[in-house]
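Remarks on the structure that follows.
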Amino acid sequence: MISKLIFDNTSLLLEKAASGASRRQDVIAGNLANVNTPGYIRRDISFKDQLASAIKNNATEGPAERASITRTVAKAFMDSSMPLRLDGNNVDIDMEMATLAENNIEYAAYTRLLSDKIGIMRTVIKGR
Amino acid sequence: MSIFGSLNISASGLSAERMRMDVISSNLANANTTRTEEGGPYRRQEIIFTPFTEQFAGAKARAAAQAVGVRVAGVVPDQTPLRQIYDPGHPDADDNGYVALPNVNVVTEMVDMISASRSYEANATAFQTAKQMAQKALDIGR
């Protein structure tokens, strides 16, 4: 019963989101390190769309939704949508920096929500 | 990848850009060097970057879309022709009075230097961000 309060679908969702954002940080760091490497194509991780559809496809919060969320896999892919420069590299440093900052804030949001959830437990236990 | 994977990748970027700065500095310092140890004028050095796919061993690392660092594949001399200046009075002039000067274009080197500096800053910011994220993770439930 207690485990249902703490380890519910929201916690699982936040954990998956945080781990996706963490992998995305790695990939963005790789893109920035290779901004001057000839022929390098930008990589990215997609996980938000998968998590959003896992929630959307399940009307109620329950074991079906939990299974859907558990099944989502963050996907790494090569992003060829950006134009190539002369040296075959398609990493746009400004866009990459913006994505870096945005991902950082999102990760902070996920961890903050997880902390707040544990904080609620603590308030309930303490009674004040 | 462990949490230090991202730090290692950014560190590889920092060190590669720093090496690029060394090469640029060397080119700028020797822009007018007509006499080297091997004889002949200084040739512009060029640095070659390549993604560091061996950083994480195993079949998974060789999959195409992975987060990879960068490494320096080598520093090679630039094969574009040397500049020939007519100056018979120069001690290193050849029989026809031509001096071969290094194929270093100062403007190109300055632009490369700005690019290296900006990339270095970007990698330093990525490093800071990864550190912040790890610290935020440690603060969960605090």
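Side chains are part of it too, since the values below use all heavy atoms of this structure and drop only hydrogens, waters and symmetry mates. Throughout, a chain's letter reflects where its sequence line sits, starting with A, and its residues are numbered from 1.
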Review point. Taking C-beta and beyond as the side chain, do A:N36 and B:S115 meet within less than 4.5 Å on heavy atoms?
Key: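 The answer is yes, as the side chains (C-beta and beyond) meet within the 4.5 Å cut-off.
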Could you see if [X] belongs to whatever hydrophobic cluster contains [Y]? Use Ile, Leu, Val, Met, Phe, Trp, Tyr and a side-chain cutoff under 4.5 Å.
X: B:L28; Y: B:M21; value: yes
X: B:M110; Y: B:I24; value: yes
X: A:V27; Y: A:M78; value: no
X: B:V104; Y: B:I47; value: no
X: A:F47; Y: A:L13; value: yes

If you compare all heavy atoms of [X] against all heavy atoms of [Y], which two are closest, and at what distance to 0.1 Å?
X: A:P38; Y: B:F49; result: CD-O, 3.7 Å
X: A:A33; Y: B:V70; result: O-CG1, 3.3 Å
X: A:Y40; Y: B:P51; result: CD1-CG, 4.0 Å
X: B:S6; Y: A:A29; result: OG-CB, 3.7 Å
X: A:R122; Y: B:G141; result: NH2-O, 2.8 Å

**Study point:** CZ (A:R85) with more than 12 external heavy atoms under 6.0 Å
**Key:**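 It does: A:R85 CZ has more than 12 such atoms within range.
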Review point. Does anything in residues 88-100 of chain A get under 4.5 Å of chain B by heavy atoms, and if so which residues?
Key: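 Against chain B, the residues of residues 88-100 of chain A that fall inside the cut-off (heavy atoms, under 4.5 Å) are A:I93, A:D94, A:M97, A:L100.
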**Study point:** Non-neighbouring partners of A:T111 that pass side chain to side chain donor-acceptor pair (under 3.5 Å), sequence neighbours left out
**Key:**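 Counting only residues at least two positions away or on another chain, A:T111 forms no side chain to side chain donor-acceptor pair (under 3.5 Å).
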Revision key, fill the gap. Among A:N104, A:D116, A:D79, A:I41, the residue with the most heavy-atom pairs under 4.5 Å to chain B is A:N104
**Study point:** Selection from A:V35, A:I118, A:I45, A:N34 maximising heavy-atom pairs under 4.5 Å formed with chain B
**Key:**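 Highest number of pairs under 4.5 Å: A:N34.
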Point to revise | Interchain contact, B:A16 with chain A, by part (heavy-atom threshold 4.5 Å) | key: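 No part of it gets close to chain A.
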Exercise for review: Below 4.5 Å from any heavy atom of chain A, which atoms of B:R118 appear? Answer side chain, backbone, both or neither.
Suggested key: both
Practice item. Write out all pairs satisfying salt bridge (Lys or Arg N to Asp or Glu O under 4.0 Å) with one or both partners inside residues 48-60 of chain A, taking only residues at least two apart or from two chains. Key: A:K48-A:E106
Point to revise | Trace of the side chain to side chain donor-acceptor pair (under 3.5 Å) decision for B:Q66 with A:D26 | key: CA-CA 9 Å; B:Q66 277 289 327; A:D26 296 339; over 6 Å; no
First locate atom [atom1] of [X], then atom [atom2] of [Y], and finally report the distance between them rounded to the nearest 0.5 Å.
X: B:K136; Y: A:S115; atom1: NZ; atom2: OG; answer: 10.5 Å
X: A:N103; Y: B:M133; atom1: CG; atom2: CE; answer: 5.0 Å
X: B:E17; Y: A:L32; atom1: CD; atom2: CG; answer: 10.0 Å

Practice item. State which residue, out of A:L114, A:L14, A:L113, fulfils the side chain to side chain contact (heavy atoms under 4.5 Å, CB included) condition with B:I140. Key: A:L114
Practice item. May I have all residue pairs that pass side chain to side chain donor-acceptor pair (under 3.5 Å) and include part of residues 89-101 of chain B, sequence neighbours excluded? Key: B:T34-B:D92, B:R35-B:D92
Check your understanding: Top residue by heavy-atom pair count (under 4.5 Å) with chain A, among B:I48, B:T125, B:L14?
Key ->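 Between B:I48, B:T125, B:L14, the count favours B:T125.
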Practice item. Can you tell which part of A:R112 gets under 4.5 Å to a heavy atom of chain B, answering side chain, backbone, both or neither? Key: neither
